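See below for the structure under consideration.
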Amino acid sequence: MNNLAAIILAAGKGTRMKSELVKVMHPLAGLPLVAWPVKTARETGAASIVLVVGHQAEKVRDYFAGETDILFACQEEQLGTGHAVASARQSLAGFSGRVLILCGDVPLIKAETIRAMLHHHQQQDAVVTVLTASLPQPFGYGRIIKDQDGRVERIVEEKDAAEGERLITEINSGIYCVESGFLFSAIATLKNDNAQGEYYLTDIIKSAATAGLTCVSFPVGEPVEVMGVNDRLQLAEAGMVIRTRINEAWMLAGTTIIDPAATYIDQGVRVGRDTTIQPNVHISGDTVIGNDCRIEPAVVIRNCRVGNNVTIKTGSVMTDAIIHDDVAIGPMAHLRPGTELKEHVKIGNFVETKKIIMGKGSKASHLTYLGDATIGANVNIGCGTITCNYDGVKKHRTIIEDDVFVGSDVQFVAPVTIGRNSLIAAGTTVTKDVPPDSLAIARAPQLNKEGWKLKKKSD
Ligand code: UD1
Ligand code: CA
């Protein structure tokens, strides 16, 4: 499979998306639409990939910044698919081999299908192979016209087709394999004398056939693979197909997914064996989840590392956090960026954390805000504890050493350090450091006035 380059057509605006954002940058299971055909091209072995960009070219470039196998060709004006391929010519100067042409808005095509098409191309000694599908409703697509030997003679667009041609159900997917020498010489001869006034890439087939060169079709197994995304209905439909593929792969690898139709695991996420995922869970970004975890309904996890045997209860939201083994979280916990929970930590309901490290076996079981804090091992954080980390200008840290017991309703006015093995009495507002092995208590003394009665209004 040497000497393969890919051209991905992605210059169009995508008018039917009715969006400020260019179509190919709309997210689909964690990647922009155009990243899916890029992934397929890579998996097929394309050494260089030319992205033909036009509308919001900068957004596409920024997304792929630093990915050295990707070259960009700018098509300022979108004068047709043939013109788009011509724009890529400069980027492939000096290249000789097979060119795989993909569309930026056809995300479901599988690498195994492309590999089979390339194999067919080679076996048939073809100069052009076009990937086709048979659709009961071929409306809108280019139709495949064949000679009596079954070779492709030309492709006719819906708008240019004669009545009889419109009855043909074999359609052009817009995906091709073409010999580079032929491709760039044929592209140079294209004309735009058709119903849409565009330079049609499909016209290269007629020039090949006329010159006696072999053009063949390769039928795709599942028509859904060549489905284009033109509007948001198709975006949602493609999302369902991709999520099904992702979920099936994790289930076959040993993850239990209770309801795959209602489980949202993005591309790039990894999930371990014997982990169970309940419905309506969203896992995205650079997330790795270990083995034997239990993830309850309505949990949202983004960019997190989660160890083994972790329980994440209903309604918890976690972003950019590191969770070690045997931790329990939630229900309704909010772990914000920079949270690291060591082994056997317990975070209970209505606890919010941000930029904290919590040592082995420590607990914050209820109603607490812990921000900008370093908490040692075996620390108990009582209900209603607040780290007062922000003075209106700067953030300050709270340090709580090992084996400290914090009673309920305690405020730590940071910066403050609590020495190991100390006890902070309930209701205390801590404004000074506490030495190790001490009791800190700061409460207004209680006054009981005996015999006190509320005055009645009638008195
Ligand atoms: C094209 C094919 C048609 C096929 C269909 C499959 C031609 C002439 N027709 O039609 O036979 O059935 O795809 O979906 O090729 N693009 C550019 N620059 C341009 C024009 C298009 O980059 O100047 C890109 C678009 O952004 C899109 C892709 O090429 O990703 C296909 O273009 P589109 O206009 O959708 O082609 P169709 O008319 O649907
Ligand atoms: Ca299209």
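Both counts, for ligands and for their atoms, begin at 1 and track the order of listing. Since the model is a prediction, treat every value here as computed from it, not as a measurement.
No more than 12 heavy atoms of other residues, nucleotides or ligands lie within 6.0 Å of NZ in Lys355, so this atom counts as exposed by the packing criterion.
Inclusion of Gly12 in the set of residues having an N or O under 3.5 Å from an N or O of ligand 1 is warranted. Taking distance alone, with nitrogen or oxygen atoms compared against 3.5 Å, Leu9 approaches ligand 1 more closely than that limit. The shortest N or O to N or O distance between Gln196 and ligand 1 is not below 3.5 Å. On a distance-only criterion, Gly80 and ligand 1 share at least one N/O pair closer than 3.5 Å. Below 3.5 Å of separation, one finds no N or O of Gly174 facing any N or O of ligand 1. Considering backbone and side-chain atoms together, Asn172 places an N or O closer than 3.5 Å to an N or O of ligand 1. Where the criterion is an N or O separation shorter than 3.5 Å, residue side chain and backbone included, Val52 fails it with respect to ligand 1. Residue Glu77 places no N or O, backbone or side chain, under 3.5 Å from any N or O of ligand 1.
Residue contacts with ligand 1: Thr202 is included, with a non-hydrogen atom under 4.0 Å away. Not a single heavy atom of Gly228 lies less than 4.0 angstrom from ligand 1.
No option in His83, His55, Lys13 other than His55 meets the side-chain hydrogen bond (donor to acceptor under 3.5 Å, both in side chains) test with Gln78. A salt bridge (Lys or Arg N to Asp or Glu O under 4.0 Å) with Arg143 holds for exactly one of Glu165, Glu158, Glu170; it is Glu158.
Remark: ligand 1 atoms within the under-4.0 Å shell around heavy atoms of Gly142 are 3 (C), 4 (C), 11 (O), 12 (O). The distance from ligand 1 to the heavy atoms of Leu79 drops below 4.0 Å at these ligand atoms: 23 (O). The Gln78 neighbourhood of ligand 1 comprises atoms 18 (N), 19 (C), 23 (O), with distances under 4.0 Å to a heavy atom of that residue. Each of the following atoms of ligand 1 lies closer than 4.0 Å to a heavy atom of Ala84: 17 (C), 18 (N), 22 (O). For ligand 1, the atoms sitting less than 4.0 Å from at least one non-hydrogen atom of Ala10 are 22 (O), numbered in the order shown with element in parentheses. The distance from ligand 1 to the heavy atoms of Thr81 drops below 4.0 Å at these ligand atoms: 7 (C), 8 (C), 15 (O), 20 (C), 21 (C), 29 (O), 31 (C), 32 (O).
Looking at Arg154 and Asp203, no side-chain N of the basic residue comes within less than 4.0 Å of a carboxylate O on the acidic one, giving no salt bridge. Under 4.0 Å is where a charged nitrogen must lie from a carboxylate oxygen, and between Asp320 and Arg302 no such pair does. We find that Glu112 and Arg115 are not joined by a salt bridge, their nearest charged nitrogen and carboxylate oxygen being 4.0 Å or further apart.
Taking each heavy atom of Thr132 and Ser217 in turn, the nearest pair found is CG2-CB, 3.7 Å. When every heavy atom of Leu4 is checked against every heavy atom of Phe95, the shortest pair comes out as C-CZ, 4.0 Å.
With a 4.0 Å heavy-atom cut-off, ligand 1 is reached by the side chain of Gln75 but not by its N, CA, C or O.
Counting heavy atoms only, Glu157 comes closest to atom 3 (C) of ligand 1 of the residues Lys159, Glu157, Lys13.
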